[in-house]
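Proteins get letters first, then strands, A, B, ... in listed order; numbering begins at 1 in each. In this text, all values refer to a predicted model and were calculated from it rather than measured experimentally.
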There are 2 protein chains.
Amino acid sequence: MEKLEMGTIQTELPARRASMTRVGNLSGTAMPTSTRSSLGTAANRVISVLIADDHTIVRQGIRALIECDEKIKVVGEADTGRSAIHMVKELNPDIVLMDIAMPLLNGLESTKQLIKEFPRLKIVVLSSYSDDIYVTQVMEAGAAGYLIKQTAANELVAALKEVQKGKAVFSPSVARRLKDNCRNGLEHGQLPGKERIKLTPRELEVLQLIAEGYANKQIASELTISIKTVEKHRQRVMDKLNIHQTAGLTRYAIVNRISESHMQGGAL
Amino acid sequence: MEKLEMGTIQTELPARRASMTRVGNLSGTAMPTSTRSSLGTAANRVISVLIADDHTIVRQGIRALIECDEKIKVVGEADTGRSAIHMVKELNPDIVLMDIAMPLLNGLESTKQLIKEFPRLKIVVLSSYSDDIYVTQVMEAGAAGYLIKQTAANELVAALKEVQKGKAVFSPSVARRLKDNCRNGLEHGQLPGKERIKLTPRELEVLQLIAEGYANKQIASELTISIKTVEKHRQRVMDKLNIHQTAGLTRYAIVNRISESHMQGGAL
DNA sequence: TTGAAAATACGGTAAAACCCCTAGGTTGTT
DNA sequence: AACAACCTAGGGGTTTTACCGTATTTTCAA
């Protein structure tokens with residue numbers, strides 16, 4: 001079970017919002033995101049939270065857990081991304097706790113739209129998975145944190161308080177991924193925050209064929225290239241994604257819709 | 001948002017256990033599942049519950065919610081199917097609240113194995129998918145209920161009490177699916193077109209681990225069996241499915257929900 | 001109790017995957 | 001021209017799969 005360590009990689013964050021909000025709060029002044037009612041001093045204010053998750057039992061559970069802390073108040077629950085956006089406009093929360101997988105409008109799109117309209121809104125993604133694409137894209141969208149659901153309640157509460165202070169929070173597995181991405185990007189002189197794991201066209205092609213069950217030899221014949229070249233592509237894909245098994249590559253390809261998840265033919 | 005209506009289709013249940021337990025309790029007698037300590041009369045006993053879900057925040061949330069009712073006591077939490085089995089043996093709960101998508105051993109397999117060993121154990125599946133293709137299989141395995149995570153806390157508590165009385169509980173969408181399956185499947189004896197390839201429990205277990213990126217050696221250590229045995233299971237699975245690559249097995253496992261499509265940590 | 005199915009395990013072999021390394025050729029950009 | 005990125009290709013190595021046997025034990029139902 002992973003433990004949450006907050007703020008461990010704050011200084012190397014690719015997220016642009018992290019530094020912004022951090023600076024604002026170091027001054028010791030309350031930083032009203034808008035015309036929000038301040039329920040106390042900057043340090044003691046109650047943090048208003050909106051929970052967005054399509055599972056009622058999960059929403060209610062999280063609400064019960066984080067409201068045990070008297071400094072946190074859940075002001076609303078949304079069961080879709082779209083309703084989350086509506087409720088943010090109405091309720092003006094400090095933080096949105098956002099699930100990724102939601103109907104009508106997923107957490108990523110919701111985050112993008114919300115940040116665009118409310119740049120100072122703090123959005124903490126609470127996801128079931130720590131897939132690279134989501135982590136990077138969500139952070140690029142301007143989220144203030146990315147936690148996985150393996151997180152414990154006390155860790156979540158602590159994370160919310162850190163975020164309210166203007167810090168960014170990540171689960172360790174997410175932080176690891178972000179770090180890798182940062183390092184790769186910075187070594188090549190790219191702008192931090194822009195480097196997602198990018199596969200070249202040929203690599204994507206090879207990955208798709210791998211996920212469809214082709215052996216290297218078949219791929220080579222299909223693409224009319226040497227097996228050695230195929231192996232090279234495969235190796236680079238593995239290095240980039242940090243996945244070193246065929247099973248993992250296949251899963252990645254399906255999840256990222258590089259390969260169709262539906263099989264045709266006798267196997268199914 | 002769907003509302004839970006419990007017991008609406010109890011009389012048309014295909015599950016064998018439902019009628020069994022129902023009859024037992026209509027007599028008004030306490031029906032000790034084993035040598036369990038009775039903490040009161042039959043009506044007032046505390047219901048001991050084990051929660052199996054790989055997401056800590058979800059487990060803790062559900063625990064907080066259902067323990068608000070003084071008749072329900074959560075005696076343990078498991079984060080994998082395998083640990084759920086171990087904890088049942090140790091803690092002897094009345095009811096297991098079982099998530100479907102779990103690493104190492106999924107909820108369906110866990111349910112099958114638990115019911116096989118503890119036929120009177122009540123297992124309530126709490127799944128993320130309302131359209132779960134496993135509804136029928138889970139009920140055939142002998143589960144006492146199938147709820148989706150859209151269920152609200154008070155409904156869940158009520159459902160647990162109904163199950164403890166020996167009744168079966170379903171979310172409306174699940175009940176609908178079961179009805180359809182009854183009509184189509186049981187009358188014709190088999191699903192039209194597709195004959196189901198039947199893998200043994202152990203083979204399914206191995207398949208899931210393969211799809212989660214485990215190498216044969218790791219699987220062997222996980223199941224505490226010889227690598228040669230793992231290879232044999234793998235071979236038989238391949239022969240049965242007529243799939244002879246890891247990629248194909250992984251895809252099959254994902255499409256058939258033997259493995260989660262979204263993984264986190266570990267193997268990836 | 002007998003038999004079938006399942007799970008266990010071992011030996012051997014060829015193929016494939018995995019993981020290093022170097023390196024030429026083609027693009028496109030600065 | 002220099003540079004970076006990509007595609008290409010090969011050498012050489014270890015590890016893992018895939019497939020072929022056989023065989024014992026367990027389990028469960030006829």
Interatomic distance, [X] [atom1] vs [N] [atom2] [rounded to whole Å]:
X      : N      : atom1 : atom2 : value
A/I219 : C/dC18 : CD1   : P     : 11 Å
B/M238 : D/dT16 : CE    : P     : 16 Å
B/Q218 : D/dT17 : CD    : P     : 9 Å
B/E203 : C/dA6  : CD    : P     : 7 Å
B/L207 : C/dA7  : CG    : P     : 13 Å
B/E117 : D/dT27 : CD    : C1'   : 14 Å
B/L204 : C/dA6  : CG    : C1'   : 13 Å
B/K232 : D/dT22 : NZ    : C1'   : 9 Å

Do the side-chain N or O atoms of [X] get closer than 4.0 angstrom to the phosphate oxygens (OP1, OP2) of [N]?
X      : N      : value
B/T229 : C/dA7  : no
B/Q235 : D/dC19 : yes
A/T200 : D/dC7  : yes

Where the side chain of [X] meets the backbone of [Y], is there a donor-acceptor pair that is under 3.5 Å apart?
X      : Y      : result
A/T151 : A/L147 : no
B/S83  : B/T80  : yes
A/N216 : A/V230 : no
B/R59  : B/E77  : no
A/T246 : B/A247 : no

Any base atoms under 4.0 Å from B/H244, or only sugar-phosphate, or nothing? Heavy atoms, all strands.
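The answer is sugar-phosphate, as B/H244 gets under 4.0 Å only of primed atoms, P, OP1 or OP2.
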Which salt bridge (Lys or Arg N to Asp or Glu O under 4.0 Å) pairs, counting each pair once, include a residue from residues 96-109 of chain B, with sequence neighbours left out?
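Sorted pair list: B/D99-B/K149, B/E109-B/K112.
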If you only use heavy atoms from C-beta on, which nucleotide in [options] is closest to the side chain of [X]?
X      : options                : answer
A/E231 : D/dA9, C/dC19, C/dT8   : C/dC19
B/R234 : D/dA18, D/dT22, C/dC19 : D/dA18
B/N216 : C/dT8, C/dC19, D/dT17  : D/dT17
B/R202 : D/dA18, C/dT8, C/dT22  : C/dT8
B/R236 : D/dC28, C/dA17, C/dA7  : C/dA7
A/K217 : D/dC7, C/dA16, D/dA18  : C/dA16
A/S226 : D/dC7, D/dG10, D/dT16  : D/dG10

Ionic contact status for A/R234 with A/E203, cut-off 4.0 Å
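A/R234 and A/E203: not salt-bridged.
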Is A/R251 salt-bridged to B/E212, cutoff N-O under 4.0 Å?
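Salt bridge flag = no for B/E212 with A/R251.
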Could you work out how much the helix from C/dA9-D/dT22 to C/dT30-D/dA1 bends, comparing the axis of its first five pairs with that of its last five, to 10°?
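What I find for the helix from C/dA9-D/dT22 to C/dT30-D/dA1 is an axis angle of 40°.
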Where each residue is assigned the nucleotide of DNA chain C containing its nearest heavy atom, which of B/Q245 and B/P201 is assigned the position nearer the 5′ end?
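The 5'-side residue here is B/P201.
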Report yes or no: is there a donor-acceptor pair, N or O only, under 3.5 Å between the side chain of B/K228 and the base of C/dG12?
yes
Reading DNA chain D from 5' onward, which residue's closest nucleotide shows up sooner: B/A215 or A/H233?
A/H233
